[in-house]
Amino acid sequence: MKSGSTARTVANTTDANGGEMYASSSLEARARRLDPSLLKDLLENMLLIRRFEEKAAELYALGKIGGFCHLYIGQEAVGVGAISSLGPDDYILCSYRDHGQALARGMDPRVLMAELCGKVSGCSKGKGGSMHLFDKRLGFYGGHAIVGAHLPLAAGTAFASRYLKQPRVTVCFFGDAAVNIGSFHESLNLAQLWKLPVVFICENNEFGMGTPIEKTASILNLHERACAYNMAHAAVDGMDVLAVRESVAEAVERARNESLPTLIEARTYRYMGHSMSDPTHGIYRTKAELEEHRRRDPVKRFISALEAIGVVTQATVDEADRRIRDVVEQAVVFADQSPEPSPEELSTDVYLP
Amino acid sequence: MPVMQYREALNQAMREEMQRDERVFLLGEEVGAYNGAYKVSRGLLAEFGPQRVLDTPIAELGFTGLAVGAAMAGLRPIVEVMTFNFSILALDQVVNGAAKMLYMSGGQFGVPMVLRGPGGSAHQLAAQHSQSLEAWYCHVPGLKVVMPSTPADAKGLLKSAIRDDNPVVFIESEVLYGMKGEVPEGEYTIPLGVAEIKRPGKDVTVIAHSKMLHVALQAANELEAEGVDAEVIDPRTLRPLDTETLLQSVKKTNRAVIVEEGWSFCGVGAQIVDILQQQAFDYLDAPILRVTGADVPTPYNKTLEHMAFPDAQRVKQAVLRVLYKA
Ligand SMILES: Cc1ncc(C[n+]2csc(CCOP(=O)(O)OP(=O)(O)O)c2C)c(N)n1
């Protein structure tokens with residue numbers, strides 16, 4: 001709830017240690033204020049990401065997906081909540097952990113799966129892969145695989161909005177480890193200095209690969225880094241899709257109406273390894289620790305809240321889940337049946353004519 | 001035709017392109033109120049205002065990355081680096097970002113931007129402020145690399161670079177900014193990827209870019225007195241390289257000397273040698289020789305510094321050697 005000299009506040013934030021931030025009563029209370037069809041959409045989006053990522057893990061094990069593949073399981077509430085507060089013309093930039101945001105933005109799961117499988121029908125023609133998802137029509141400006149390097153790009157798309165006097169807001173997702181790299185600081189400074197309409201969302205999942213954030217960051221309230229730039233900032237429960245939505249919506253409004261940036265730290269957790277080549281636990285965290293965090297599972301929590309207020313029942317959730325699993329199966333079939341890029345694709349898209 | 005300085009020609013190119021296309025803007029350290037560290041952007045702030053001429057913090061990575069993002073979103077930024085020595089801080093955004101965006105996105109996102117500023121050696125600026133880094137950029141697919149050697153080329157090439165839809169690394173010469181020459185007025189563009197024969201000749205091909213062109217021309221003039229007729233070619237664009245013009249010349253002269261200020265190892269000339277030996281092997285009457293910067297960081301001491309870079313004497317020596325006259 002802190003910002004620079006202007007004492008701007010962002011909703012849904014509390015002190016650094018959580019406190020009421022993680023209370024599920026607040027999730028229910030927020031849900032009651034929203035349209036049931038929106039709530040169901042959000043839930044289905046989260047479920048889609050969960051099922052899609054589970055399938056991606058399977059395909060990785062089968063060798064159909066190669067390279068580095070970073071799953072979003074556990075973090076669904078952040079991408080879904082944040083993106084649900086955007087308009088159709090807004091810009092989204094992500095790190096390499098980008099499947100969830102792409103799906104939340106409405107990328108066809110078939111096109112996404114095809115990209116992961118390196119097929120020409122993928123969103124980047126199979127030339128980008130898991131870490132480089134792009135879709136211009138969706139305002140999806142990439143998956144970027146150098147830690148922190150897309151923050152300046154986000155400042156740039158936001159700059160373009162201001163320059164062209166377009167009401168397009170940029171939202172930029174990145175991990176907690178990215179707050180220690182120079183590009184983070186250079187971007188935040190530029191964004192505040194030049195009043196750029198951008199929302200920086202730090203998905204604090206507590207680890208950069210196998211290193212806990214305590215070992216790398218000199219302050220643990222990562223959002224407070226914004227103080228150095230006199231930027232509005234907030235921490236939000238990243239396991240609560242509606243809290244994220246509210247917090248980001250407020251920041252988006254600030255960006256759109258006042259052309260000012262915000263840094264939001266969404267406290268979340270990843271349930272899988274850093275990438276598919278990394279075990280879920282063992283080296284840097286214990287199984288018990290992981291289990292403890294699973295009790296905050298954003299999908300289960302949202303289902304419980306919606307059940308409690310009568311928006312869904314176990315039966316309707318099961319039905320939606322079946323439908324979503326089917327959509328994911330279709331995506332696999334589509335990817336399987338899609339052709340490889342032709343050999344000519346090796347040397348296209350290097351230069352524009 | 002008006003005569004003007006190299007820096008004025010660059011200024012004119014930017015001014016005309018900014019008048020022509022509102023999406024073009026300039027950002028960099030000291031480019032606005034200070035008129036540019038080398039006065040290349042003189043008057044642009046006054047004419048175009050602070051929305052289009054932006055003084056940046058000293059944050060090469062940040063503002064270059066911002067330009068890449070802005071280019072992805074439809075603008076056409078010109079990034080001025082105070083010198084190319086500092087472009088190293090922005091290298092990730094150029095090499096991993098600008099150069100690859102089109103490919104990684106399956107053709108969706110081009111990055112029409114120019115990264116420009118002075119490069120090459122300068123007088124007694126020592127190791128960190130006096131070096132040639134064009135070979136680094138030439139190595140990267142997705143980038144174009146342009147290095148003008150005269151005021152007219154500076155204007156014509158910069159205008160083309162700004163209109164190009166790809167990221168263009170445009171390396172000016174710090175010591176040529178004050179050079180004067182005739183520059184065509186108004187619409188004057190030189191296509192990227194086209195070399196120019198700066199001095200026709202028949203005995204040997206000397207290839208040199210940026211300020212080394214002038215060293216090569218001086219050598220060629222001195223060689224004339226010794227009965228050697230050297231053809232001097234400036235590639236002007238190093239990537240994409242106009243191999244055709246180089247090959248035609250070498251097929252005519254059967255001999256080549258390549259001059260560059262940069263380091264020899266993995267240098268631009270090494271690439272040109274590779275192309276010439278592959279495609280004109282049967283025409284060559286002598287091994288191709290290279291005259292390059294010494295394989296050391298640039299020293300401060302004047303005498304040592306002089307030894308570190310090619311001069312007309314060394315170029316002449318190389319030419320005489322490929323002619324088996326030395
Ligand atoms: C500049 C840079 N250094 C190192 C890496 C290798 N690397 C990839 S992801 C990662 C950890 C990043 O963690 P975080 O920013 O917290 O994001 P998360 O993976 O948790 O989403 C590292 C070290 C990289 N991609 N880029």
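Every chain is numbered from 1 and lettered A, B, ... according to where its sequence line falls, protein lines coming before strand lines. No experiment lies behind these values; they were computed from the predicted model shown.
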Could you report the tightest heavy-atom contact between B:Leu26 and B:Met18, atom names first, then the distance? N-CE, 4.3 Å
Whatever's closer than 4.5 Å to a heavy atom in chain B on A:Leu352 counts as both
Can you tell which part of A:Leu346 gets under 4.5 Å to a heavy atom of chain B, answering side chain, backbone, both or neither? both
Measure distances from B:Leu75 to the heavy atoms of chain A and classify the residue's part below 4.5 Å as side chain, backbone, both or neither. side chain
List the steps, then state whether ring pair (Phe, Tyr, Trp, His ring centres under 6.0 Å) holds for A:His144 with A:Phe173. CA-CA 10 Å; A:His144 303 273; A:Phe173 296 89; over 10 Å; no
Using distance alone, with no hydrogens and no angle criterion, decide if A:Ser259 and A:Arg162 have a side-chain donor and acceptor under 3.5 Å apart. no
Would you mind checking which part of B:Asp165 comes under 4.5 Å of any heavy atom in chain A, side chain (CB onward), backbone (N, CA, C, O), both or neither? both
A:Leu151 versus chain B, the contacting section by heavy-atom distance below 4.5 Å: neither
If you draw the axis of the six-membered ring of B:Tyr34, does the NZ or CZ of B:Lys39 fall within 45° of it and under 6.0 Å from the ring centre? yes
Between B:Arg52 (side chain only) and B:Val24 (backbone N and O only), is there a donor and an acceptor less than 3.5 Å apart? yes
At a heavy-atom separation under 4.5 Å, does A:His185 approach chain B through its side chain, its backbone, both, or neither? neither
Indicate yes or no: does A:Lys165 engage B:Glu22 in a salt bridge with an N to O separation below 4.0 Å. no
At a 4.5 Å cut-off on heavy atoms, which part of A:Gln166 comes close to chain B: side chain, backbone, both, or neither? neither
Taking side chain as everything from C-beta outward and backbone as N, CA, C, O, which of these in B:Thr56 sits under 4.5 Å from a heavy atom of chain A? Side chain, backbone, both or neither. both
Top contributor to chain A contacts, counting heavy-atom pairs under 4.5 Å, from B:Gly142, B:Ala59, B:Gly107: B:Gly142
A:Leu196, part contacting chain B, at a heavy-atom distance under 4.5 Å: side chain
Of the backbone (N, CA, C, O) and the side chain (C-beta and beyond), which part of A:Ser183 lies under 4.5 Å from a heavy atom of chain B, both, or neither? both
Indicate yes or no: does A:Arg225 engage A:Glu265 in a salt bridge with an N to O separation below 4.0 Å. no
Residue pair A:Tyr96, A:His70: steps toward the ring pair (Phe, Tyr, Trp, His ring centres under 6.0 Å) verdict: CA-CA 7 Å; A:Tyr96 44 85; A:His70 309 82; 4.4 Å; yes
Highest number of heavy-atom pairs under 4.5 Å with chain A: which of B:Gly97, B:Ala99, B:Gly110, B:Ala70? B:Ala70
So, the part of A:Tyr141 with a heavy atom under 4.5 Å from chain B: the answer is both
Which portion of A:Thr348 sits near chain B, non-hydrogen atoms under 4.5 angstrom: backbone
Pick from A:Thr170, A:Asp135, A:Leu133: which one has the most heavy-atom pairs with chain B under 4.5 Å? A:Asp135
Non-hydrogen atoms of chain B under 4.5 Å away: do they reach the side chain of A:Tyr91, the backbone, both or neither? side chain
A:Arg168 versus chain B, the contacting section by heavy-atom distance below 4.5 Å: neither
Nearest heavy-atom approach of B:Leu247 to B:Ala280 is CD2-CB, 3.8 Å
With A:Lys136 as the cation and B:Phe109 as the aromatic partner, state whether NZ or CZ is under 6.0 Å from the six-membered ring centre and within 45° of the axis. yes
